[in-house]
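What follows is a set of notes on a single structure, which appears directly below.
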There are 2 protein chains.
Amino acid sequence: MKSMASTSEKILDIAQSLIVAGGYNGFSYADISAAIGIRKASIHHHFPTKAELVAVLVDRYRQQAETGLQALRAQVASPAEQLQFYLNYWDTCIRDAAQPFCVCAMLAGEMQMLPDEVASRVRAHFQSLAAWLASVLSAGAQQGLFRLNGRPEEEAQMLMASVHGAMLSARAFGDPGLFIAIISTQIAKLTK
Amino acid sequence: MKSMASTSEKILDIAQSLIVAGGYNGFSYADISAAIGIRKASIHHHFPTKAELVAVLVDRYRQQAETGLQALRAQVASPAEQLQFYLNYWDTCIRDAAQPFCVCAMLAGEMQMLPDEVASRVRAHFQSLAAWLASVLSAGAQQGLFRLNGRPEEEAQMLMASVHGAMLSARAFGDPGLFIAIISTQIAKLTK
DNA sequence: CATAACCTTCCTACTGGTAGGTAGATAACC
DNA sequence: GGTTATCTACCTACCAGTAGGAAGGTTATG
């Protein structure tokens with residue numbers, strides 16, 4: 001038996017896909033209730049408030065991301081390939097429509113009206129992703145794989161913005177292939 | 001007498017700032033009602049449904065953008081300066097917190113659950129902005145001002161994604177200066 | 001000119017439905 | 001038996017949207 005997810009994890013899974021689709025204000029306890037066949041009140045048993053639910057959800061997402069990115073850095077030798085794996089991951093997610101958007105990028109758009117406990121966690125994800133990208137770019141530059149115009153931190157911020165912007169464009173145009181098309185143009189500038 | 005805005009324009013103004021803050025699902029007729037001191041029902045008189053209100057709002061935004069960008073191309077000679085003016089515009093908006101995000105970028109994130117009449121208009125804005133950027137980059141490349149790696153259309157898509165991603169990062173970090181910092185890194189790659 | 005018809009705008013009052021959240025009972029499990 | 005999970009039933013607040021009318025301006029008609 002592989003996937004015997006607990007109720008609370010099922011709740012988080014559904015909530016996550018709903019947030020990716022419509023943001024913090026785009027889903028309700030009733031939506032989750034209908035999706036997994038449980039009463040609204042039962043969800044409140046697991047997650048007393050919506051803010052708490054989303055805070056836990058972002059924590060889980062952050063931990064998965066952190067784990068995945070660290071594993072990537074440990075198991076893949078070349079910084080260029082590390083970067084490629086990261087971008088391929090998103091390309092696949094977007095093509096599958098499995099998770100066609102980063103949860104934190106989605107929530108970042110609503111930052112101004114997010115509960116503090118959620119907003120701070122979203123910001124933390126942006127920070128750690130930027131740090132990971134900076135370390136990859138820095139290592140790659142030292143090995144002569146990348147040509148950086150500015151400091152690795154600056155280039156990392158730029159790359160992260162490109163990734164999020166490319167997700168947005170792919171969604172706006174309804175064209176999953178647009179993500180990697182845009183990103184490839186960006187990567188070309190780093191490796192050229 | 002300068003600014004004697006009509007009621008329906010006041011409604012659109014408030015709705016726009018609310019959308020920029022929290023997206024389509026992040027505002028209500030009651031919010032607008034409270035903001036401009038008019039009853040909810042009166043807003044329905046001007047805009048029967050929410051979908052219609054936002055559709056009109058996006059039309060207005062698109063027309064303003066189109067007008068502004070075409071004027072820029074007509075009045076500013078150098079493509080490099082046209083681009084700089086465009087980016088300065090957003091830098092100022094973000095620093096003033098006047099309009100710290102593009103309405104259409106905000107709505108694009110919620111594309112999947114937007115009414116069709118809104119979604120199609122958002123897509124149209126992305127198309128015309130990409131076209132404008134492509135024409136500026138193309139003209140600039142011919143004058144030897146820009147070094148493009150790919151076709152102007154591809155570079156334009158990339159630049160547009162960077163702009164939207166930079167807006168998102170500035171918001172996520174709560175740092176208005178981050179927008180131009182990210183974009184400058186990007187522009188350096190085009191002019192270098 | 002006067003008056004009747006109409007139009008625009010805004011109002012109060014309301015509808016059916018949904019939001020997040022709670023209270024308390026019931027069942028299942030260790 | 002106590003804990004955990006789920007249930008029914010409910011609450012208050014809010015949602016988008018409607019009905020019907022009051023006030024004032026505009027237009028058409030005599």
Expected list for residues 102-119 of chain A: side-chain donor-acceptor pairs under 3.5 angstrom, two or more places apart:
| unit_1 | atom_1 | unit_2 | atom_2 | d |
| --- | --- | --- | --- | --- |
| A:E110 | OE1 | A:Y24 | N | 2.7 |
| A:E110 | OE2 | A:Y24 | N | 3.4 |
| A:Q112 | OE1 | B:R171 | NH2 | 3.3 |

### Message
Output the rounded distance in Å from NE2 (B:H44) to P (C:dC10).
### Response
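After rounding, the reported distance stands at 14 Å.
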
### For atom CD1 of B:I43 and atom C1' of C:dT9, their distance in whole Å
13 Å

Provide a list of protein-nucleic acid N or O atom pairs under 3.5 angstrom, restricted to nucleotides 12-19 of chain C.
| unit_1 | atom_1 | unit_2 | atom_2 | d |
| --- | --- | --- | --- | --- |
| C:dA19 | OP1 | A:S28 | OG | 3.0 |

According to side-chain hydrogen bond (donor to acceptor under 3.5 Å, both in side chains), who are the partners of [X], at least two apart in sequence or on a separate chain?
X: A:S8; result: A:S6
X: A:D175; result: none
X: B:S135; result: B:R73

## Note on the structure
Note: chain B reaches DNA chain D at heavy-atom distances under 4.0 Å over the stretch, first to last nt, 5' to 3', of D:dC15 to D:dA19

### Message
Can you pull out every side-chain hydrogen bond (donor to acceptor under 3.5 Å, both in side chains) where at least one residue sits in residues 83-106 of chain A? Sequence neighbours excluded, please.
### Response
A:D91-A:R95

Please output the side-chain donor-acceptor pairs of residues 27-34 of chain B that fall under 3.5 Å, not counting sequence neighbours, one pair per line with the distance.
| unit_1 | atom_1 | unit_2 | atom_2 | d |
| --- | --- | --- | --- | --- |
| B:S28 | OG | B:A30 | N | 3.3 |
| B:S28 | OG | B:D31 | N | 3.2 |
| B:S28 | OG | B:D31 | OD2 | 3.4 |
| B:Y29 | OH | B:F47 | O | 2.8 |
| B:Y29 | OH | B:T49 | O | 3.1 |
| B:Y29 | OH | B:K50 | N | 3.3 |
| B:D31 | OD2 | B:S28 | N | 3.0 |
| B:S33 | OG | B:I38 | O | 2.6 |

### Task
Mind checking side chain to side chain contact (heavy atoms under 4.5 Å, CB included) for A:A65 and listing every partner two or more places apart, or none if nothing turns up?
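A:A65: side chain to side chain contact (heavy atoms under 4.5 Å, CB included) contacts with A:H125.
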
### Message
What I want to find out is whether A:E155 reaches B:K189 closely enough, with some N-O distance under 4.0 Å, to be called a salt bridge.
### Response
yes

